[in-house]
Amino acid sequence: MILRRLRVQHFRCFRNPVELSGLGVGIHVVHAPNETGKSSLILALARALFDRNSTRDREIQNLRPWGTTLSPRVTLELDSGGKRYRLEKAFLDDATSLLDEWTGKRFERLADSQRADELARGFLFSGGAQAGATKPGQWGLARLLWLGQSAERHVLPGLDTPLKARLMEAVGVAVLSEQEQGVLKRVEDAYRQFFTLKKGKVVTGSELELKAALVASLEEELRGIRAQQEASAEHARDMEEARSALGDLAGERGALEARFSALQARVEAETQLEQQIALRDKDVERQHQEWEHLDGKQRELLALRQNVARHQAVVAEKEPVLQKAREGLIGQEASFRQARELFQAQLGEQEKAEQRQERGRLLEKARQALVEQQRLDGQLKQGERLETAVEGLRRRTAALKTLSESDVKRAEDVERKLRQAQDKLEARGIEVVFKAEGSRSIEWEAEGQVQRHELAKAEQKLFAGVSAGSLRIKGVGEVRVRTGAEEIGNLQADVEKFRKELTRRLHEHGVESPQRLRGEWESQQVVLQEQAKHEGALETFLEAAGFESVEALREKRREQAGKVGTLAGQLNLAVAALATYPTHELVVLSEELRLRKQEVKEREKAKDDAEAVYRQVERQVRGLAQERDSAMQTARELELTMKAQLHALGMSLEQLGAEVERAHGELERLKNMVTGLRARLPRPEERAATQRRQLDEARERVVGAEKKAQERIIRAETLLGRAAEAGVYSRLGEAEERLVLATEEHLQLKTRAEAAEILRKLVGHWQEQVNRTFVAPIQDAVHARLEHIRGDGRNEVLSLGPEFIDAAMETPDGARSLASFSWGMQEQTLFALRLALGEMLSKQGTKPEPQLVVLDDALVNTDAVRHRRALELIERAGESLQLLILTAFPERYRTLRGMKEFDLRELAQESTPAG
Amino acid sequence: MVRILHSADWQMGLRARHVAQVASAVREARLEAARNVIQAANSHQVDAVVLAGDIFEDNLVEDRLVHQVVAVLEGARAPVFVLPGNHDALTPDAVYHRASWKQRPAHVRMLDGDAPVPIPGTAAVLLAAPLRQKKGMKDPTGEWRARADVDAIRVGVAHGSLRIEGKHALDDFPIALDAVARVGLDYLALGHWHGQYVHEERTAYAGAHETTKFGEDGSGQALLVEIASRGAVPRLTPVPTGSLVWRTLELDLGQDAEREAARVLGLMKDAAQPARTLLRIRTTGASSDAATPVVDRLKEGLLGRAFLHVSVERRDIPKAEVEGRLAEVVASSSLVASLLEELSRPLSPGLVDASEAGRIAARCLLSELVMEAWR
């Protein structure tokens with residue numbers, strides 16, 4: 001389809017009609033600055049071709065010029081399938097759709113309203129929208145051929161079945177017939193009946209799933225029923241076992257009962273005998289108790305008697321030993337006393353030696369203190385001497401008027417300046433010479449000072465260095481001289497100034513001349529140096545002596561004198577006698593003391609030994625006495641107890657012995673009787689009672705087992721009855737039958753599902769093959785154009801999916817999605833795709849037809865060189881296609897040969913009504 | 001002279017998985033057939049009805065069924081002697097120990113002991129070999145001993161397989177072929193085999209009173225046994241008792257399938273009592289892609305004529321080549337041709353994991369979808 005004329009009115013920025021006419025195969029460049037409606041033209045074309053006139057979708061409402069309720073209106077003339085048509089379309093309030101066909105003379109109505117819309121959509125294979133406005137994806141061939149400004153600009157357009165069929169037709173791949181498409185759809189439907197399209201899982205809630213679930217649940221049910229059946233069989237087996245056991249137990253019980261009856265007589269005889277034995281056993285017990293009582297008593301008394309005798313023997317044995325021990329104790333006591341006295345005497349000797357040694361040590365200490373005191377005396381004298389000298393010098397320096405060297409220097413400096421000024425004044429000032437002819441008294445007054453001179457004859461007096469002066473010669477008169485020279489005045493002022501300053505400085509220090517002042521300063525320096533020297537000496541002395549001050553030394557000396565005095569007091573001597581008092585050497589005294597101590601230790605040991613022996617003997621004597629007394633006491637007490645007991649028994653010890661003998665004889669007799677009776681009874685394990693007890697136990701066991709077996713039977717019978725009541729068997733049969741039916745149905749469904757799956761897979765393979773055949777020429781065509789634009793050096797090849805989605809560029813490193821390339825690369829690829837598809841549709845297949853290709857602001861990211869190459873492609877495409885290029889930069893396309901140019905702004909202005 | 005109606009293998013409560021759709025009808029028919037047995041006994045005025053085992057399918061059958069069977073037996077005018085078989089063996093949980101069975105009328109007697117049981121009003125005694133377990137390798141008649149001093153007509157009643165080569169299993173209570181001669185029986189009434197079978201004049205299986213499955217020949221009848229005197233050869237007369245008809249129809253798909261189907265349909269056009277007839281269609285020959293819908297239509301047609309049950313057993317072999325309308329489509333459609341070709345190659349990439357049944361079903365489905373699309 002190509003466009004012949006396009007007229008747009010009441011459409012966005014085009015309130016007034018704008019028309020492009022004279023369009024045909026070839027290149028058309030529509031230019032206008034940005035935002036002046038270029039893209040609106042293309043939108044108007046699309047809305048007219050693809051949208052229902054009756055739709056009132058917001059998208060359509062937004063097409064009205066801003067702030068108006070005007071109905072957007074588009075008229076277009078187009079060639080399609082060798083015929084020319086005119087489509088007039090208005091939306092919203094004036095909604096109309098009229099399609100006319102050119103008969104050669106005039107346009108005649110072909111269809112209107114919905115039918116017209118439908119036919120219009122057919123020109124570009126658009127299916128239109130189910131409801132509302134169409135989306136670019138629904139624009140049929142336009143989606144493939146128009147490179148617009150939409151958001152999807154950089155997305156590869158997808159294919160639907162009619163579009164794909166049209167392209168397949170163009171590239172020469174057999175198009176599927178309606179029936180074949182029907183088969184494909186049916187295969188898909190058959191598959192979808194069982195499986196999901198995306199993941200190929202069984203459809204939830206599908207018959208296949210439900211049937212599988214039913215089979216599973218029936219199998220579960222069957223398992224449950226079979227378990228019940230098995231349980232019943234188990235109960236039956238249990239019952240059988242229990243019945244068999246019951247039979248055996250009955251036989252066993254019968255045998256036991258027969259043996260039980262046979263034992264009865266023996267049991268009675270044994271019982272009687274056992275009763276007799278029990279009676280005799282009691283007699284034996286009683287007799288045994290009596291014998292035991294008497295025997296015990298006898299044993300007790302005999303033991304008492306034996307005890308008394310033993311204690312009396314002890315008393316007799318101890319007496320001589322005790323006597324002998326007492327004698328020994330007296331001897332030991334005398335030895336002990338003697339040793340103690342010797343020890344005391346030796347202890348006195350030791351004390352005396354200690355006192356002597358202590359006095360010797362004190363005396364030595366006092367003498368040392370005295371020496372120290374004498375040393376301190378010497379030091380103190382020296383210190384005091386130095387201190388006195390320092391004090392004297394300090395007093396002298398304190399009396400001095402402080403005079404610094406700078407003072408001296410400043411005075412000398414002033415004097416020098418004065419001298420210089422005077423010299424200058426003398427040299428430059430007035431010089432008056434008076435030579436007396438006879439003696440004369442003269443007065444020279446200058447600078448307010450009067451000098452009187454008595455001149456002898458011919459004596460000459462010179463006055464110089466003043467600016468003015470007055471010489472009064474007594475009796476002669478007065479000569480006044482002065483000079484007006486300013487320099488002299490200044491010199492004189494300087495002299496005066498320095499003189500005054502010198503006078504002031506000298507006066508301050510009470511001297512007459514600077515020389516005196518310096519002499520004063522020098523003598524002062526001598527005193528200060530001496531003071532410093534003495535102070536240094538004092539300091540060195542104190543440092544050497546280890547004192548902070550002389551006062552501290554003095555204090556120390558006082559302390560030492562006190563110490564010496566104290567020590568002399570302790571020794572009871574005068575301080576003066578300390579040095580001369582005679583004494584032994586401390587070593588001698590110590591040796592003496594050591595000997596004394598050794599002797600004392602020996603005496604002490606001798607004393608301790610004697611005391612230990614004495615004490616031991618004393619303890620021995622005391623122990624022996626106690627033992628003897630205790631034995632005597634015990635013997636007496638035991639004797640009394642024995643007598644009291646015999647008295648209580650009322651018999652003598654001998655009589656008691658006879659009684660014990662008698663009781664023992666009686667006990668033996670009774671025991672023999674019992675033994676005789678016992679001998680008549682069988683051994684315990686052979687007794688009838690024992691056997692009867694064993695039989696009883698066995699019978700009890702058998703009865704218990706019988707009871708249990710019966711319980712088992714009753715239980716099994718009950719459970720079997722319940723199973724029968726519950727219809728386990730019939731339920732099993734029915735469940736099996738239902739399972740067979742369900743399994744059969746499930747199997748049928750499963751087989752059909754598998755069949756559908758297989759078919760779908762085969763169809764998939766077939767489609768893949770077809771797609772490969774279909775996509776390859778398109779890829780080649782795009783690649784050829786891309787290669788032209790990009791020049792050499794790039795070897796990426798476009799690879800398209802069967803529905804154009806999943807486009808990728810095959811690079812040496814594998815496939816990369818188109819979106820991952822630069823904007824320039826993307827737009828060049830999409831541009832090349834449009835041209836390739838357009839040219840294929842225009843030239844190839846059974847129904848070739850020129851197509852409208854729209855390039856709205858295409859190639860904006862492409863550099864000049866590539867743009868130029870793209871223009872070459874456009875030029876070539878212009879031979880078979882209608883190219884509508886919309887741009888804000890017409891100069892980029894100016895080199896295109898044979899293109900038609902439209903200035904949209906001009907067209908819009910032309911249509912604006914005057915005024 | 002003694003006249004006995006010999007029947008066996010009633011198998012009340014039969015589990016009919018093989019005809020699951022009509023299982024309950026099949027079960028109901030067995031009760032109906034039992035009534036037929038009792039009616040036949042009454043009409044032939046027999047001295048006794050001998051039921052040689054497997055009256056019940058299982059010892060666990062419900063009491064309701066036991067009551068129903070008792071009610072049927074109640075209708076017998078002659079005494080009924082019931083032998084426990086391997087299905088209803090005299091185990092501790094045997095159905096014959098149940099209260100529901102114990103409430104039976106007095107003339108229904110159990111053959112549960114070793115002692116000979118006289119048939120009232122006759123000079124005949126019954127020697128019974130009740131089974132006490134489901135399976136056994138021992139001859140149940142093995143304990144019977146010959147008695148030279150007895151004049152009574154001796155009739156043995158047992159349940160098991162005659163020891164005939166290829167017709168018995170070792171644990172199927174094998175019965176020696178010389179049992180009659182060894183014990184000196186006049187007649188040995190057997191149960192276990194469902195088809196009626198007479199062995200050397202004096203030994204016979206009466207067969208199941210009602211057919212249990214397709215291809216079970218000789219079932220659906222009882223045996224009227226008449227013995228004139230001790231040593232006389234018994235006269236055996238089959239008595240029909242079955243209530244359902246089980247028929248197998250052959251359908252040769254190697255022929256023109258449509259015509260063959262029409263033939264079968266015509267064959268069954270005048271069938272008596274279709275509501276009591278179970279049909280099995282067994283296909284044979286090399287079939288084309290068009291055969292399946294034909295078979296399906298035939299089945300539907302028969303069901304439409306109120307046959308109780310119709311099943312199809314496909315034994316035909318599908319042809320590899322395409323025929324008829326499908327062949328025309330293949331000629332015009334590269335898609336269909338390609339798909340059919342793929343389906344005829346079991347190793348084609350789309351069929352790697354497919355089962356043979358799946359491949360055949362896929363071809364069938366394709367044929368169906370193509371026919372729909374080109375309709």
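Below, chains carry the letters A, B, ... as their sequence lines are ordered, and counting in each starts from 1. Note that the structure is a prediction, hence the values are computed from the model and not measured.
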Quiz item: For B:T91, is it the side chain, the backbone, both, or neither that has a heavy atom closer than 4.5 Å to a heavy atom of chain A?
Solution: neither
Quiz item: Aromatic rings B:W101 and B:F56: how do their planes relate, parallel, tilted or perpendicular, breaks at 30° and 60°?
Solution: perpendicular
Self-check item: Heavy atoms of other groups near A:E207 CD, more than 12 under 6.0 Å
Solution: no
Quiz prompt | Toward chain A, the part of B:R375 with a non-hydrogen atom under 4.5 Å | solution = neither
Quiz item: By a 4.5 Å heavy-atom criterion (distance strictly below it), what part of A:R243 contacts chain B: side chain, backbone, both, or neither?
Solution: side chain
Quiz item: About how many Å separate CG of A:L210 and OG of A:S217, when rounded to the nearest 0.5 Å?
Solution: 11.0 Å
Quiz item: What residue in B:V370, B:D63, B:V19, B:D58 has the most heavy-atom pairs under 4.5 Å with chain A?
Solution: B:D58
Self-check item: Partner chain A: residue of B:I360, B:L339, B:L335 with the largest heavy-atom pair count (under 4.5 Å)
Solution: B:L335
Exercise. Determine, step by step, whether A:V203 and A:L208 satisfy the side-chain contact (heavy atoms from CB on, under 4.5 Å) criterion, reporting the C-alpha distance in whole Å, the side-chain angles of both residues, the deciding distance to 0.1 Å, and the verdict.
Key: CA-CA 8 Å; A:V203 173; A:L208 180 62; over 6 Å; no
Practice problem: Look at B:A23, B:S338, B:A16 and state which one has the largest set of heavy-atom pairs under 4.5 Å with chain A. | Solution: B:A16
Self-check item: Contact leader toward chain A among B:A357, B:S332, B:A94, B:S355, where contacts are heavy-atom pairs under 4.5 Å
Solution: B:S355
Quiz item: Counting heavy atoms not belonging to B:E372, are there more than 12 under 6.0 Å from its CD?
Solution: yes
Quiz item: Is the number of heavy atoms from other residues, nucleotides or ligands within 6.0 Å of CZ (A:R715) greater than 12?
Solution: no
Self-check item: A:E252 bridged to A:R701 by N-O distance under 4.0 Å
Solution: yes
Quiz item: Measuring from A:L167:CG to A:I778:CD1, what's the distance to the nearest 0.5 Å?
Solution: 5.0 Å
Exercise. Using a cut-off of under 4.5 Å on heavy-atom pairs, state which of B:E57, B:R64, B:R98 scores highest against chain A.
Key: B:E57
Quiz item: Quick one: what part of B:S100 sits under 4.5 Å from any heavy atom of chain A, side chain, backbone, both or neither?
Solution: neither
Exercise. Tell me, for B:R363 versus chain A, whether the close heavy atoms (under 4.5 Å) come from the side chain, the backbone, both or neither.
Key: neither
Self-check item: Structural part of B:E368 lying under 4.5 Å from a heavy atom of chain A
Solution: side chain
Self-check item: Region of A:V770 that comes under 4.5 Å of a non-hydrogen atom in chain B
Solution: neither
Self-check item: Proximity breakdown for A:A716 and chain B, heavy-atom pairs closer than 4.5 Å
Solution: neither
Practice problem: Pick whichever of A:T751, A:V183, A:L741, A:L720 has the most heavy-atom pairs under 4.5 Å with chain B. | Solution: A:L741
Quiz item: What closest approach, in Å, do A:F194 and A:A756 show between heavy atoms, and which atom pair accounts for it?
Solution: CD1-CB, 4.2 Å
